[in-house]
Amino acid sequence: MKEISVISLICSCLYPESRKDILGDFEEKPSALLADMDIKPINKRASGQAFEVILKSPSPVSDASHCVTTPPKKDISLEDIQKKLEAAEDRRRSQEAQVLRALAEKRDHERDVLMKAMEENSNFSRMAEEKLQLKMEQIQENRMAYLASIMERLQEKEKHGQEVRRNKELREEITA
């Protein structure tokens, strides 16, 4: 085993007997990983063995080995640029058309909702007007019936008053 992974290091904390084997291999065969890392064992605890892993800062020499070169740029022709511009223009037109379609659908939906609301309002107004008209007719009929009953009672009282006066006159004539 030439390199030690972090998982192996953690596992070695749990199983201290395997730690001696792992660290023994590293002490015998140093590697690039051990050059960048310093491992210090800490006192043994009840839960197992503990380690302190100290990572060293990379040296300027190691930067050269990790340098990544960018791939060389290929020459772009005028036709490729025009194709890309046309594709971008097509995408822009397509997106613009999609936005316009969405706005048209939204406008249609708003118009439908407005028409439905106006229709419901009209229906409500018509129904309320019909109910009010029926109520007014009922009130008018009730008033006419009430006035007719009052007139009938008044006529009955008038007849009764005439009878009483006639009877009184007859009594006065008989007694006189």
Side-chain angles (χ1 to χ4, degrees), residues 4-15 33 36-37 42 45-48 50-55 57-58 63 66-176:
I4 184 171
S5 67
V6 176
I7 295 174
S8 300
L9 188 62
I10 292 171
C11 290
S12 69
C13 291
L14 299 173
Y15 303 104
L33 184 63
D36 293 342
M37 184 170 33
I42 301 175
R45 299 184 181 175
S47 62
F51 295 92
E52 182 178 353
V53 178
I54 301 170
L55 298 175
S57 62
D63 287 341
H66 294 295
C67 184
V68 177
T69 60
T70 58
K73 288 188 174 183
K74 63 177 183 177
D75 292 333
I76 300 175
S77 67
L78 183 61
E79 291 176 6
D80 291 340
I81 292 172
Q82 287 178 343
K83 285 180 184 177
K84 287 182 181 181
L85 287 173
E86 288 174 5
E89 186 67 22
D90 289 343
R91 285 192 304 271
R92 186 190 61 76
R93 282 191 206 123
S94 171
Q95 185 178 14
E96 188 175 306
Q98 187 177 8
V99 167
L100 289 175
R101 272 194 307 267
L103 287 174
E105 288 175 5
K106 187 175 180 183
R107 195 176 319 118
D108 289 343
H109 177 70
E110 287 174 353
R111 187 180 310 120
D112 291 343
V113 167
L114 185 62
M115 292 298 286
K116 185 176 179 182
M118 288 173 57
E119 184 180 332
E120 286 180 3
N121 189 23
S122 174
N123 287 342
F124 177 77
S125 296
R126 186 171 33 81
M127 293 297 287
E129 189 175 339
E130 288 176 5
K131 280 184 178 180
L132 182 63
Q133 190 66 30
L134 287 173
K135 191 174 181 181
M136 293 294 286
E137 288 174 4
Q138 185 67 36
I139 289 172
Q140 186 67 24
E141 288 175 8
N142 289 346
R143 184 172 183 268
M144 294 303 279
Y146 174 71
L147 287 176
S149 69
I150 287 178
M151 291 297 285
E152 187 179 328
R153 276 189 279 154
L154 185 60
Q155 287 174 355
E156 286 178 9
K157 283 186 179 184
E158 186 66 32
K159 283 182 188 178
H160 180 68
Q162 284 178 359
E163 264 183 56
V164 168
R165 275 190 293 252
R166 194 171 22 131
N167 286 342
K168 186 177 181 183
E169 287 175 6
L170 284 176
R171 262 192 240 151
E172 283 179 4
E173 285 178 15
I174 297 178
T175 55

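Atom set for the values below is all heavy atoms of this structure, side chains included, hydrogens, waters and symmetry mates excluded.
Annotation: side chain of Arg153 is in contact with side chain of Ile150 (closest heavy-atom distance under 4.5 Å). Put simply, the side chain of Val113 reaches to within 4.5 Å of the side chain of His109, judged on heavy atoms. A heavy-atom distance below 4.5 Å is found between the side chains of Lys106 and Glu110. Here the side chains of Arg111 and Arg107 are in contact, with some heavy-atom distance below 4.5 Å. The closest side-chain heavy-atom distance from Gln133 to Glu137 is below 4.5 Å. Counting heavy atoms from C-beta on, the side chains of Lys116 and Glu119 never come closer than 4.5 Å.
A salt bridge links Glu158 with Arg165: the distance from a Lys NZ or Arg NE/NH1/NH2 to an Asp or Glu carboxylate oxygen falls below 4.0 Å. Between Lys159 and Glu163 there is no salt bridge, since no side-chain N of the basic residue sits under 4.0 Å from a carboxylate O of the acidic one.
Between the OG atom of Ser77 and the NZ atom of Lys83 there is a distance of 7.5 Å, given to the nearest 0.5 Å. Considering CG of Asp80 and CG of Leu85, their distance stands at 11.0 Å, rounded to 0.5 Å. Separation of atoms CG (Leu100) and CZ (Arg93) is listed at 13.5 Å; rounding is to 0.5 Å. A distance of 5.5 Å separates CD in Glu141 from CD in Gln138, rounded to the nearest 0.5 Å.
For CD of Glu79, the number of neighbouring non-hydrogen atoms (other residues, nucleotides, ligands) closer than 6.0 Å is 12 at most. Within a 6.0 Å sphere centred on CD of Gln162, other residues, nucleotides and ligands contribute more than 12 heavy atoms. Within a 6.0 Å radius of CD in Glu129, other residues, nucleotides and ligands contribute 12 heavy atoms or fewer. Other residues, nucleotides and ligands contribute over 12 non-hydrogen atoms within 6.0 Å of the CZ atom of Arg92.
Closest approach of Arg126 and Asn123 over heavy atoms only: NH2-OD1, 2.8 Å.
Here the side chain of Ser122 pairs no donor or acceptor atom with the backbone of Met118 at under 3.5 angstrom.
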